[in-house]
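As the structure is a computational prediction, the values presented were derived from the model and not from experiment.
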Amino acid sequence: MSEIAYVRGDATAPSVKGPKVIAHVCNDLGGWGKGFVLALSRRRPEPEAAYRAWHRERASNDFGLGALQLVRVRPDIRVANMIGRHGTRTGSKGVPVRCPAIDTALARLAEHAVELGASVHMPRIGCGLAGGKWSRVEPLVIGRLVERGVAVTVYDHGEG
């Protein structure tokens, strides 16, 4: 079994060859405007537009915790909008991250990644504004993706 590759760089611009999926965690309120999604939207407008439409039409689709939306942005790149946050702020119910929802979305992502023969590229999902701990999320990524043979690269942004 291989491991997660950790690199310093920009997860919105993976430079490996072959099919790629850029994965990130979204909230269940339809909000898009802070954190990783800002960098993503600067590079590609389609994931935000698709997410907003998915939320707007949620009465007739699967939008909700654990859901996955794959958005094709180039012939070789898709973006995985994964609903893994309940709300946007820490409050009486704790931090917004929901690890069971991330796990469900990652399982769905694994099916597509295997089918596409795609590598997966992501920041430390659920660990920024969502308030999660990588020590809890990393085993989910390993169990759902790496153990299925999907190459995963996690990007840490900025200087060393």
Side-chain angles (χ1 to χ4, degrees), residues 1-58 61-85 97-98 101-130 132 134 137-159:
M1 175 182 79
S2 60
E3 296 179 0
I4 296 172
Y6 290 90
V7 300
R8 195 154 294 287
D10 182 356
T12 69
S15 61
V16 300
K17 293 187 189 227
K20 298 166 271 304
V21 177
I22 299 167
H24 70 109
V25 169
C26 303
N27 65 64
D28 63 354
L29 296 180
W32 182 290
K34 290 186 176 179
F36 180 75
V37 298
L38 293 178
L40 192 57
S41 289
R42 278 193 294 273
R43 191 170 291 278
R44 311 184 189 296
E46 302 95 338
E48 177 180 359
Y51 169 80
R52 290 188 184 280
W54 189 28
H55 176 262
R56 194 171 44 253
E57 298 158 11
R58 67 191 176 279
N61 65 40
D62 67 343
F63 186 94
L65 287 171
L68 169 75
Q69 179 188 51
L70 274 182
V71 182
R72 189 173 174 167
V73 296
R74 279 193 5 203
D76 63 333
I77 299 178
R78 288 171 175 77
V79 172
N81 292 334
M82 301 186 299
I83 310 299
R85 291 175 59 184
V97 70
R98 295 294 182 265
I102 290 174
D103 189 47
T104 299
L106 286 171
R108 292 176 172 151
L109 173 57
E111 295 297 321
H112 292 286
V114 168
E115 183 180 307
L116 295 166
S119 56
V120 174
H121 305 265
M122 64 179 70
R124 292 183 190 240
I125 57 171
C127 297
L129 297 171
W134 187 244
V137 176
E138 181 186 44
L140 305 177
V141 174
I142 291 169
R144 293 299 186 178
L145 296 171
V146 176
E147 289 180 1
R148 295 268 325 259
V150 177
V152 176
T153 303
V154 171
Y155 295 74
D156 289 312
H157 196 71
E159 298 299 315

Next item on the list: For Asp103, enumerate each residue passing the salt bridge (Lys or Arg N to Asp or Glu O under 4.0 Å) test, keeping only those at least two apart in sequence or located in another chain.
Entry: Arg144
Notebook entry, point to check: Heavy-atom distance under 4.5 Å between the side chains of Val154 and Glu138, does that happen here?
Noted result: no
Note to self: Between Arg148 and Glu111, is the salt bridge (Lys or Arg N to Asp or Glu O under 4.0 Å) condition met? List the steps.
What the structure shows: CA-CA 9 Å; Arg148 295 268 325 259; Glu111 295 297 321; 2.8 Å; yes
Notebook entry, point to check: Closest heavy-atom contact between Ala50 and Val71?
Noted result: CB-CG2, 3.6 Å
Margin query: Run the ring pair (Phe, Tyr, Trp, His ring centres under 6.0 Å) test against Trp54 and tell me which residues pass, sequence neighbours left out.
Written below: Phe63
Next item on the list: Given salt bridge (Lys or Arg N to Asp or Glu O under 4.0 Å), test Asp28 with Arg98 step by step and report yes or no.
Entry: CA-CA 11 Å; Asp28 63 354; Arg98 295 294 182 265; over 6 Å; no
Next item on the list: May I ask you to test the Leu116-Arg78 pair for a side-chain heavy-atom distance under 4.5 Å?
Entry: yes
Item checked: Minimum heavy-atom distance between Ala11 and Met122, given as atom pair plus value -> CB-C, 3.9 Å
Notebook entry, point to check: So do Leu109 and Met82 actually touch side chain to side chain, heavy atoms under 4.5 Å?
Noted result: yes
Checklist line | Taking every non-hydrogen atom, the tightest pair across Ala67 and Ala105 | finding: O-CB, 3.9 Å
Margin query: With side chain to side chain contact (heavy atoms under 4.5 Å, CB included) as the criterion, how do Glu48 and Leu40 come out once you've worked through the C-alpha distance, each side chain's angles and the decisive distance to 0.1 Å?
Written below: CA-CA 8 Å; Glu48 177 180 359; Leu40 192 57; over 6 Å; no
Next item on the list: Using a 4.5 Å cut-off on heavy atoms from C-beta on, say whether the side chain of Val79 contacts that of Tyr51.
Entry: no
Checklist line | Minimal non-hydrogen separation, Gly66 against Thr104, with atom names | finding: O-CG2, 3.6 Å
Note to self: Classify the ring geometry of His121 against Tyr155: parallel below 30°, tilted from 30° to 60°, perpendicular beyond 60°.
What the structure shows: tilted
Check: Can you tell me if Lys20 uses its side chain to pair, donor with acceptor, with the backbone of Gly18 under 3.5 Å?
Finding: yes
Notebook entry, point to check: Are any of the side-chain heavy atoms of Ile22 and Val73 separated by less than 4.5 Å?
Noted result: no
Checklist line | Spacing of CG belonging to Asn81 relative to NE2 belonging to His55, to within rounding of 0.5 Å | finding: 13.0 Å
Notebook entry, point to check: Hey, what do you get for CZ (Arg72) to CZ (Arg44), rounding to the nearest 0.5 Å?
Noted result: 12.5 Å
Check: Is the closest side-chain heavy-atom distance between Gln69 and Asn61 below 4.5 Å?
Finding: no
Note to self: For Ile125 and Trp134: C-alpha separation, side-chain torsions, deciding distance, then whether side chain to side chain contact (heavy atoms under 4.5 Å, CB included) applies.
What the structure shows: CA-CA 8 Å; Ile125 57 171; Trp134 187 244; 4.3 Å; yes
Notebook entry, point to check: Which atom pair, heavy atoms only, marks the closest approach of Val97 to Gly132?
Noted result: CG1-CA, 3.5 Å
Note to self: Show the nearest heavy-atom pair for residues Gly33 and Leu38, with the distance to one decimal.
What the structure shows: O-CD2, 3.3 Å
Check: What distance separates Asp62 CG from Ile83 CD1, expressed to the nearest 0.5 Å?
Finding: 9.0 Å
Margin query: Rounded at 0.5 Å granularity, tell me how far CD1 in Ile102 sits from CG in Leu65.
Written below: 9.5 Å
Check: Are side-chain heavy atoms of Arg124 and Tyr6 found at a separation under 4.5 Å?
Finding: yes
Next item on the list: Measure the shortest side-chain to side-chain distance between Thr12 and Arg42 over non-hydrogen atoms and say whether it is less than 4.5 angstrom.
Entry: no
Checklist line | Counterpart residues, side-chain contact (heavy atoms from CB on, under 4.5 Å), relative to Ala49 (two or more places apart) | finding: none
